[in-house]
Amino acid sequence: MNGEGAAIAADKSKTGNQVERLSRVEKLIRAVSEQMERTRIADYALLLNKPWRLLWLNLISGVSRGIGIALGFTFFAATIIYVLQVLGALNLPIIGDYIADIVRIVQRQLELTTY
């Protein structure tokens with residue numbers, strides 16, 4: 001009976017180990033599936049199957065990016081020119097003349113219509 005009890009105990013420990021392993025595997029599979037859902041691989045695969053949609057989305061994003069860069073640079077340049085005009089109006093000894101020259105050059109370039 002001691003032999004049979006030991007065999008039953010060994011079988012129970014094996015099934016316990018298998019259950020633990022299966023639960024760990026299940027947890028890992030769930031974690032991997034959650035990560036795949038977060039990375040949106042399915043959406044990417046669908047996008048690769050429709051090349052015209054991919055081209056269209058890239059075109060729209062490129063145009064949007066270009067317009068954003070143009071507007072941002074225009075705002076930045078206008079702000080810098082305004083600051084230079086304010087500094088030029090302060091009549092600082094050396095810096096004022098230099099800034100006034102830069103402002104005059106920029107204004108001359110803006111007045112030229114070459115188109």
Side-chain angles (χ1 to χ4, degrees):
M1 283 230 209
N2 282 343
E4 287 178 22
I8 292 173
D11 286 342
K12 284 183 181 178
S13 68
K14 284 182 184 177
T15 43
N17 286 341
Q18 288 176 350
V19 169
E20 288 176 22
R21 285 183 186 167
L22 287 175
S23 68
R24 274 191 258 150
V25 169
E26 181 184 2
K27 287 178 185 177
L28 287 173
I29 289 174
R30 285 181 195 241
V32 168
S33 69
E34 287 174 6
Q35 288 176 354
M36 287 179 73
E37 286 177 12
R38 273 189 247 131
T39 58
R40 303 177 112 189
I41 290 177
D43 292 340
Y44 181 69
L46 287 174
L47 194 60
L48 288 178
N49 289 332
K50 297 179 181 179
W52 289 109
R53 179 164 166 73
L54 180 65
L55 287 172
W56 175 251
L57 288 176
N58 283 333
L59 176 71
I60 295 297
S61 66
V63 168
S64 300
R65 211 172 279 130
I67 290 171
I69 289 171
L71 290 175
F73 181 74
T74 302
F75 179 75
F76 178 72
T79 304
I80 294 298
I81 290 172
Y82 176 75
V83 168
L84 289 176
Q85 284 179 342
V86 169
L87 287 176
L90 292 177
N91 290 327
L92 300 174
I94 298 171
I95 300 172
D97 295 333
Y98 180 69
I99 292 172
D101 289 338
I102 292 173
V103 169
R104 267 189 247 116
I105 291 169
V106 169
Q107 285 178 344
R108 225 179 284 137
Q109 288 295 323
L110 290 174
E111 290 172 0
L112 291 177
T113 55
T114 58
Y115 50 88

Is there a path of hydrophobic side-chain contacts, each under 4.5 Å between heavy atoms of I/L/V/M/F/W/Y residues, joining V103 to Y82? no

M36 reachable from Y44 in the ILVMFWY side-chain graph, under 4.5 Å edges: no

Distance from R65 atom CZ to I69 atom CD1, nearest 0.5 Å? 7.5 Å

Nearest 0.5 Å please: distance from the CG atom of L59 over to the CH2 atom of W52. 11.5 Å

According to a hydrophobic-cluster definition based on side-chain heavy atoms being under 4.5 Å apart (Ile, Leu, Val, Met, Phe, Trp, Tyr only), do V63 and L71 belong together? yes

Would you mind checking if R30 and E26 are paired as a salt bridge, meaning a charged N to carboxylate O distance below 4.0 Å? yes

Out of I60, L55, L54, which one pairs with N58 under the side chain to side chain contact (heavy atoms under 4.5 Å, CB included) rule? L54

Here the gap from D43 atom CG to E37 atom CD, rounded to the nearest 0.5 Å, amounts to 11.0 Å

In terms of hydrophobic clustering (I, L, V, M, F, W, Y; side-chain heavy atoms under 4.5 Å; direct or indirect links), are I67 and W56 co-clustered? yes

In Å, rounded to the nearest 0.5 Å, how long is the span from CD of Q107 to CZ of R104? 9.0 Å

How long is the straight-line distance from CZ of R40 back to CG of L47, given to the nearest 0.5 Å? 11.0 Å

For residues I102 and I81, determine if any side-chain heavy atom of one lies less than 4.5 Å from a side-chain heavy atom of the other. no

